[in-house]
Amino acid sequence: MHSDCFIGLDVSHEHGKHASGIIQVIGRDGKIIKQKSVATAEAGETIANSTMEEIVNESIYSYEQTYGAKPRHITFHRDGICREDLDFLQAYLRSFQIPFDFVEVIKKTRRRMAVYSNRKWMTKQGIYYSKRNMAYLCATDPKEAVGMAQPIKIVQKTNGLSIHEIVSDIYKLSFMHIHSMLKTRLPITIYYADLSSTFHNRGLIHPRSQHERVLPFV
């Protein structure tokens, strides 16, 4: 991995209720040392600054408990469009002297990706197209009957790591579906954050899951 700590963020909205969700992937070796669903009710699609403070504090604390030092770099994966106050987040992380990247991961892009080779179009897992701070990643390789793969859109809102490093880490994290041998189209940060916030809104995650525990979404 090119970052030391990955934090997945999402806000679920159903029937007028909004809740943020989170899974933290700690360590450039991909080791997950803390998983948590955040039951905080949010105002619309924006994660409040107070919630971001809580997320940052717990992430840094968990990292230090495992590795004995603060992470040298943190990458946030945001499910969907970023509406958070990045100036506030930058100032807050500056107090810890930790640089960070904030990345949008957009699931529904209305695009398809394929490679033209030997006079035919073929879908190929792992290819991506990038331009400046944006990229489209083909993270899956569907069967021929399904057609071309649906890529995910990646938008880097900061300028820490390169877009190549951002895409590379997201692709590697798409192989980390805990409790299952199946690969996901999304990085596990986004996949679990989306599930935990949605399940919480539906009353399917007990409040005790606020503590450290595995969320076995299979």
Step-by-step side chain to side chain contact (heavy atoms under 4.5 Å, CB included) determination, Val115 to Trp121: CA-CA 5 Å; Val115 176; Trp121 291 98; 5.9 Å; no

For Ile47 and Arg78, run side chain to side chain contact (heavy atoms under 4.5 Å, CB included): C-alpha distance rounded to whole Å, both residues' side-chain angles, the deciding distance at 0.1 Å, then the answer. CA-CA 10 Å; Ile47 300 176; Arg78 176 64 158 94; 4.3 Å; yes

Could you go step by step and tell me if Ile55 and Ile7 meet the side chain to side chain contact (heavy atoms under 4.5 Å, CB included) rule? CA-CA 8 Å; Ile55 290 169; Ile7 303 174; 3.6 Å; yes

If you apply the rule side chain to side chain contact (heavy atoms under 4.5 Å, CB included), what do you find for Lys153 with Lys107, and how did you get there? CA-CA 7 Å; Lys153 184 178 181 180; Lys107 295 174 288 191; over 6 Å; no

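Within a 6.0 Å sphere centred on CG of Asp29, other residues, nucleotides and ligands contribute more than 12 heavy atoms. The 12-atom threshold is not exceeded at NZ of Lys124, counting heavy atoms of other residues, nucleotides or ligands nearer than 6.0 Å. Heavy-atom neighbours of Arg72 CZ from other residues, nucleotides or ligands within 6.0 Å: at or below the threshold of 12.
The closest side-chain donor-acceptor pair between Asp101 and Thr158 falls under 3.5 angstrom. Side chains of Asp4 and His73: no donor on one and acceptor on the other come within 3.5 Å. A side-chain N or O of Tyr92 and one of Asn57 form a donor-acceptor pair less than 3.5 Å apart. Side-chain atoms of Gln125 and Tyr171 form a donor-acceptor pair, as typed in the model, at a separation below 3.5 Å.
Between the OH atom in Tyr63 and the CD1 atom in Ile74 there is a gap of 9.5 Å [rounded to 0.5 Å]. For the atom pair OG1 (Thr51) and CG (Leu9), the distance works out to 10.0 Å, reported to the nearest 0.5 Å. Taking CZ of Arg132 as the reference point, atom CG of Asn159 lies at 14.5 Å (rounded to 0.5 Å). Between the CD1 atom in Ile190 and the CZ atom in Arg185 there is a gap of 11.5 Å [rounded to 0.5 Å]. One distance of note links CD1 of Ile81 with OG1 of Thr46; it measures 11.5 Å at 0.5 Å rounding. Interatomic distance, Ser174 OG to Leu186 CG, rounded to the nearest 0.5 Å: 8.5 Å.
A donor-acceptor pair is defined here as one N or O able to donate and one able to accept, closer than 3.5 Å; no such pair exists between the side chain of Lys157 and the backbone of Leu86. Checking side-chain atoms of Arg94 against main-chain N and O of Leu89 turns up no donor-acceptor pair under 3.5 Å. In terms of modelled atom types and a separation under 3.5 Å, the side chain of Asp169 and the main chain of His2 share a donor-acceptor contact. Panel note: side chain Gln156, backbone Leu161; a donor-acceptor pair is recorded below 3.5 Å.
Residues Ile163 and Asn133 approach most closely at CD1-O, 3.8 Å, considering heavy atoms. In plain terms, the two heavy atoms of Ile106 and Thr109 that are nearest each other are O-CG2, 3.5 Å. A pairwise comparison of heavy atoms in Cys82 and Glu104 identifies N-OE2, 2.9 Å as the closest pair. For the residue pair Met52 and Phe102, the shortest heavy atom distance occurs at CE-CE1, 4.4 Å. Of all non-hydrogen atoms in Lys172 and Met1, the two that sit nearest each other are CB-CE, 4.0 Å. The shortest non-hydrogen separation linking Val155 to Met134 is CG2-CG, 4.2 Å.
Put simply, Met176 and Ile152 are part of the same group of oily side chains (I, L, V, M, F, W, Y) that touch within less than 4.5 Å, one to the next. Residues Ile170 and Tyr128 share a single hydrophobic cluster, defined by chaining ILVMFWY side chains whose heavy atoms lie under 4.5 Å apart.
Using a 4.5 Å heavy-atom cutoff, the side chains of Glu84 and Phe76 are not in contact. Between Thr184 and Phe175, the closest side-chain pair of non-hydrogen atoms is not below 4.5 Å. Put simply, the side chain of Thr75 does not reach to within 4.5 Å of the side chain of Cys5, judged on heavy atoms.
Remark: Glu64 engages no residue in a side-chain hydrogen bond (donor to acceptor under 3.5 Å, both in side chains) (not counting sequence neighbours).
Aromatic rings from Phe6 and His77 are positioned such that their centres are separated by under 6.0 Å. Tyr136 has its ring centre no less than 6.0 Å from the ring centre of Tyr129.
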